[in-house]
*Asks:* 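Okay, here's the structure, questions in a sec.
Residue numbers run from 1 in the order of the sequence given. One-based numbering, in listed order, for ligands and for the atoms of each.
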Amino acid sequence: IVKKMGGNHYRFYDFELEELIKEEQKIENDLYHAIEKNEFKLVYQPIRELATGRNVGTEALIRWTNPLYSKVSPLVLIQIAEQNGLIIEIGRWVLKEACRQNKQWQKEGYSSVIVSVNVSAIQFEQTNFVEMVKEILEETELEPKYLELEITERIAMDRVEEKLLKMKELKSMGVRISIDDFGTGYSSLAYFTRFPIDTLKIDRSFINDMLNDENAKTIVTTIINMAKSIKIKTIAEGVETWEQLEYLKKKSCDQIQGYLISKPVDPHIIVEMFEEEILTN
Ligand code: C2E
Ligand code: MG
Ligand code: MG
Ligand code: MG
């Protein structure tokens, strides 16, 4: 086949590769200026406590408002930013904006909720990470207990002692720590008893499958029960149906997050939800 296409094949390939590289460089370049141009915003997704039906927290999620990139998934954006180091600056902006917004809601008189902020492994590994969190909490005057940092299992895979120390420092400040997308990595829950974790977020894929797949169901109930036995809270991610909600409630999962309650929304919509506090139980 290669012979048949001859030189053309390669020229075609080179051309595409060149375009792809140009495209990536353009994204990188535009990403580089996105903070100063005020092109990022945070949307918030409510986290609901099953026992009370109250929204007890929100997760802050980044959006790039540049119309050229409205369809770029935050996962891709974060991945590019991790590759070129921009994640440090973007991560700092996200953390500060989320803390500022949460404090703002409190000043406006809404009952206090926890804001959860995603932290990239690269960001967490920065030597001054703990110091930065402390500075931002001071600047925004948010009480540490209203901030939860979401890290992934990946963080606990290497240089464990160093990271354990950081987590302990954060805990002693009063900041909460959760493990995001739990179950997708290779760590066991037993392994995490070493870490000062407040919350496990059960990955969406298990929640999605659990009512049709016995294995997923077993994984979900096992995570909930084991977490409970070591006094760690569980949040089910990606809850989309009432059936899922009822099942999770029956199994004593603490909190849920997902499109059933709300998609991630702008701050003024979250405020409307605080006002309504629709009870699900
Ligand atoms: P994540 O932290 O696990 O966030 C949850 C993702 O699941 C969000 O996607 C949310 O919109 C989506 N989701 C929530 N409920 C449902 C549901 O019921 N069904 C479905 N299909 N999806 C649901 P999003 O906002 O696209 O973010 C994707 C990922 O990008 C996040 O996953 C997180 O890993 C990363 N990310 C987003 N914002 C940030 C950020 O500010 N910093 C860092 N480091 N990563 C971020
Ligand atoms: Mg998250
Ligand atoms: Mg998650
Ligand atoms: Mg996820």
Side-chain angles (χ1 to χ4, degrees), residues 31 34-35 39-48 55 57-65 69-102 114-126 129 132-133 136 147-155 176-185 197-211 220 223 233-245 248 253 255-266 269-270 273:
L31 200 55
I35 289 186
E39 288 179 351
F40 292 130
K41 70 167 183 179
L42 296 181
V43 286
Y44 298 84
Q45 189 177 33
I47 297 174
R48 186 164 295 182
N55 294 325
T58 66
E59 178 174 4
L61 294 153
I62 196 168
R63 294 293 179 265
W64 192 2
T65 61
Y69 303 111
S70 59
K71 292 199 174 64
V72 174
S73 153
L75 269 173
V76 173
L77 187 161
I78 295 297
Q79 207 182 320
I80 296 174
E82 282 178 340
Q83 278 159 16
N84 61 23
L86 277 175
I87 190 65
I88 305 305
E89 210 188 324
I90 293 175
R92 186 191 301 123
W93 180 86
V94 168
L95 189 61
K96 183 158 182 189
E97 175 55 19
C99 290
R100 186 205 63 76
Q101 179 64 73
N102 204 26
I114 292 166
V115 70
S116 297
V117 178
N118 293 284
V119 173
S120 150
I122 292 174
Q123 197 186 356
F124 190 86
E125 281 161 12
Q126 294 291 298
F129 179 72
M132 184 197 72
V133 173
I136 286 178
L147 172 64
E148 183 158 282
L149 301 176
E150 294 194 3
I151 58 182
T152 59
E153 287 171 81
R154 173 154 82 101
I155 268 179
R176 303 173 59 88
I177 297 176
S178 72
I179 302 293
D180 204 355
D181 305 334
F182 188 76
T184 55
I197 301 297
D198 298 282
T199 313
L200 283 182
K201 301 189 75 171
I202 308 169
D203 192 63
R204 195 171 80 211
S205 58
F206 304 116
I207 306 303
N208 185 63
D209 295 348
M210 77 185 169
L211 295 184
V220 170
I223 294 175
K233 279 212 160 82
T234 44
I235 303 183
E237 295 189 314
V239 175
E240 295 184 353
T241 69
W242 286 103
E243 289 73 22
Q244 290 166 345
L245 180 147
L248 291 160
C253 181
Q255 299 171 5
I256 61 165
Q257 182 182 351
Y259 293 171
L260 178 67
I261 309 300
S262 167
K263 291 199 168 188
V265 291
D266 284 328
I269 311 266
I270 280 285
M273 272 183 254

*Asks:* Return yes when at least one N/O/S atom of Ser116 is nearer than 2.8 Å to the Mg ion (ligand 2), and no when none is.
*Replies:*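 Checking Ser116: none of its N, O or S atoms is under 2.8 Å.
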*Asks:* Look at the aromatic rings of Trp64 and Tyr69 and report parallel, tilted or perpendicular, splitting at 30° and 60°.
*Replies:*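 Aromatic pair Trp64/Tyr69 classed parallel.
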*Asks:* Which part of Ile62 is near ligand 1, with near meaning a heavy atom under 4.0 Å away: side chain, backbone, both or neither?
*Replies:*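 Both backbone and side chain of Ile62 come within 4.0 Å of ligand 1.
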*Asks:* Can you see which heavy atom on Phe40 is nearest to which on Thr65, and at what distance?
*Replies:*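 Looking at all heavy atoms of both residues, the shortest contact is N-OG1, 4.5 Å.
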*Asks:* With a sphere of 6.0 Å drawn around CZ of Arg154, does it hold more than 12 non-hydrogen atoms of other residues, nucleotides or ligands?
*Replies:*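 Counting neighbours around CZ of Arg154, 12 or fewer heavy atoms of other residues, nucleotides or ligands fall under 6.0 Å, so no.
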*Asks:* Check Gln257 against ligand 1 and report side chain, backbone, both or neither, counting heavy atoms closer than 4.0 Å.
*Replies:*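 Gln257 to ligand 1: no contact under 4.0 Å from either part.
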*Asks:* Do NZ/NE/NH1/NH2 and the carboxylate oxygens of Glu237 and Arg204 come within less than 4.0 Å?
*Replies:*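 Result for this pair is no, no salt bridge flagged.
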*Asks:* With respect to atom 29 (C) of ligand 1, which of Val94, Val43, Thr184, Leu75 exhibits the smallest heavy-atom separation?
*Replies:*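 When every heavy atom of Val94, Val43, Thr184, Leu75 is considered, Leu75 comes closest to atom 29 (C) of ligand 1.
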*Asks:* For ligand 1, which atoms have a heavy atom of Glu237 less than 4.0 angstrom away?
*Replies:*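 In order of number, 3 (O).
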*Asks:* Would a distance-only check, ignoring hydrogens and angles, find a side-chain to backbone donor-acceptor pair under 3.5 Å from Glu153 to Phe182?
*Replies:*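 The answer is no, because no donor-acceptor pair under 3.5 Å joins these two groups.
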*Asks:* Could you pull out every donor-acceptor pair under 3.5 Å between side chains of residues 74-94 and any protein atom, sequence neighbours left out?
*Replies:*
unit_1	atom_1	unit_2	atom_2	d
Glu82	OE2	Ser120	OG	2.7
Asn84	OD1	Leu86	N	3.0

*Asks:* Quick one: angle Glu237 OE2 - the Mg ion (ligand 3) - Asp180 OD1, to the nearest 10°?
*Replies:*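 Angle OE2(Glu237)-the Mg ion (ligand 3)-OD1(Asp180): 90°, rounded to 10°.
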*Asks:* Could you tell me which residues satisfy side chain to side chain contact (heavy atoms under 4.5 Å, CB included) with Lys263, sequence neighbours excluded, listed by chain and number?
*Replies:*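 Scan of Lys263 (side chain to side chain contact (heavy atoms under 4.5 Å, CB included), adjacent residues dropped) gives Tyr259.
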*Asks:* At their closest point, which heavy atom of Val133 faces which heavy atom of Leu149, and how far apart are they?
*Replies:*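 Val133 and Leu149 have their closest heavy atoms at CG2-CD1, 4.4 Å.
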*Asks:* With heavy atoms under 4.0 Å as the rule, classify the contact between Arg63 and ligand 1 as side chain, backbone, both or neither.
*Replies:*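 Within the 4.0 Å criterion, Arg63 contacts ligand 1 through side-chain atoms alone.
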*Asks:* Please report the shortest heavy-atom distance between Leu248 and Ala236, naming the atom on each side.
*Replies:*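 So the two residues come closest at CD1-CB, 3.6 Å.
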*Asks:* Is a side-chain donor-acceptor pair under 3.5 Å present for Asn118 with Glu59?
*Replies:*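 Result is yes, a qualifying pair exists.
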*Asks:* Does the N or O separation between Ser73 and ligand 1 drop below 3.5 Å for any pair?
*Replies:*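 In this structure, Ser73 places no N or O atom under 3.5 Å from an N or O of ligand 1.
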*Asks:* Pull out every atom of ligand 1 sitting under 4.0 Å from any heavy atom of Pro264, numbered as shown with elements.
*Replies:*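 The atoms of ligand 1 under 4.0 Å from a heavy atom of Pro264 are 11 (O).
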*Asks:* Leu61 to ligand 1: N or O pair under 3.5 Å?
*Replies:*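 For ligand 1, there is no N or O atom that lies under 3.5 Å from one belonging to Leu61.
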*Asks:* Heavy-atom distances under 4.0 Å are what count here, so tell me which part of Gln45 touches ligand 1: side chain, backbone, both or neither.
*Replies:*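 The side chain, only.
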*Asks:* Minimum distance, heavy atoms only, to atom 7 (O) of ligand 1: which one of Glu82, Gln79, Arg204 is it?
*Replies:*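 Checking each option, the heavy atom nearest atom 7 (O) of ligand 1 is found in Arg204.
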*Asks:* Under 4.0 Å, heavy atoms only, figure out whether ligand 1 is touched by the backbone of Asn118, its side chain, both or neither.
*Replies:*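 The answer is both, backbone and side chain.
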*Asks:* Just jot down the ligand 1 atoms closer than 4.0 angstrom to any heavy atom of Glu240, in number order.
*Replies:*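 In order of numbering, the contacting atoms are 17 (C), 18 (O), 19 (N), 20 (C), 21 (N).
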*Asks:* Just heavy atoms, cut-off under 4.0 Å: does Asp181 contact ligand 1 by side chain, backbone, both, or neither?
*Replies:*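 Side chain only; the backbone of Asp181 stays clear of ligand 1.
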*Asks:* Of all N, O or S atoms in Glu59, which has the smallest distance to the Mg ion (ligand 2)?
*Replies:*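 Considering only N, O and S atoms, Glu59 comes nearest to the Mg ion (ligand 2) through OE2.
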*Asks:* Which atom pair, heavy atoms only, marks the closest approach of Gln45 to Ser262?
*Replies:*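 The pair with the smallest heavy-atom distance is NE2-O, 2.9 Å.
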*Asks:* Of the non-hydrogen atoms in Leu211 and Gln244, which two are nearest, and what is the gap between them?
*Replies:*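 For Leu211 and Gln244, the tightest heavy-atom pair comes out as CD1-N, 3.8 Å.
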*Asks:* Heavy-atom pairs closer than 4.0 Å: do any link ligand 1 to the side chain of Glu59, the backbone, both, or neither?
*Replies:*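 Glu59 to ligand 1: side-chain contact only, backbone stays beyond 4.0 Å.
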*Asks:* Can you confirm whether Ser178 sits close enough to Ile235 that some side-chain heavy atom of one is under 4.5 Å from a side-chain heavy atom of the other?
*Replies:*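 They are not in side-chain contact.
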*Asks:* Is it true that Gln123 lies under 4.0 Å from ligand 1, counting heavy atoms only?
*Replies:*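 Outside the 4.0 Å threshold, so no.
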*Asks:* Please determine if the Mg ion (ligand 2) has an N/O/S atom from Glu150 lying under 2.8 Å away.
*Replies:*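 Checking the Mg ion (ligand 2) against Glu150, an N, O or S atom does fall under 2.8 Å.
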*Asks:* For ligand 1, does Leu42 get within less than 4.0 Å through its side chain, its backbone, both, or neither, judged by non-hydrogen atoms?
*Replies:*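 Neither part.
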*Asks:* I'd like to know if the Mg ion (ligand 2) has an N/O/S atom from Asp181 within less than 2.8 Å of it, counting both backbone and side-chain atoms.
*Replies:*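 It does not; every qualifying atom lies at 2.8 Å or beyond.
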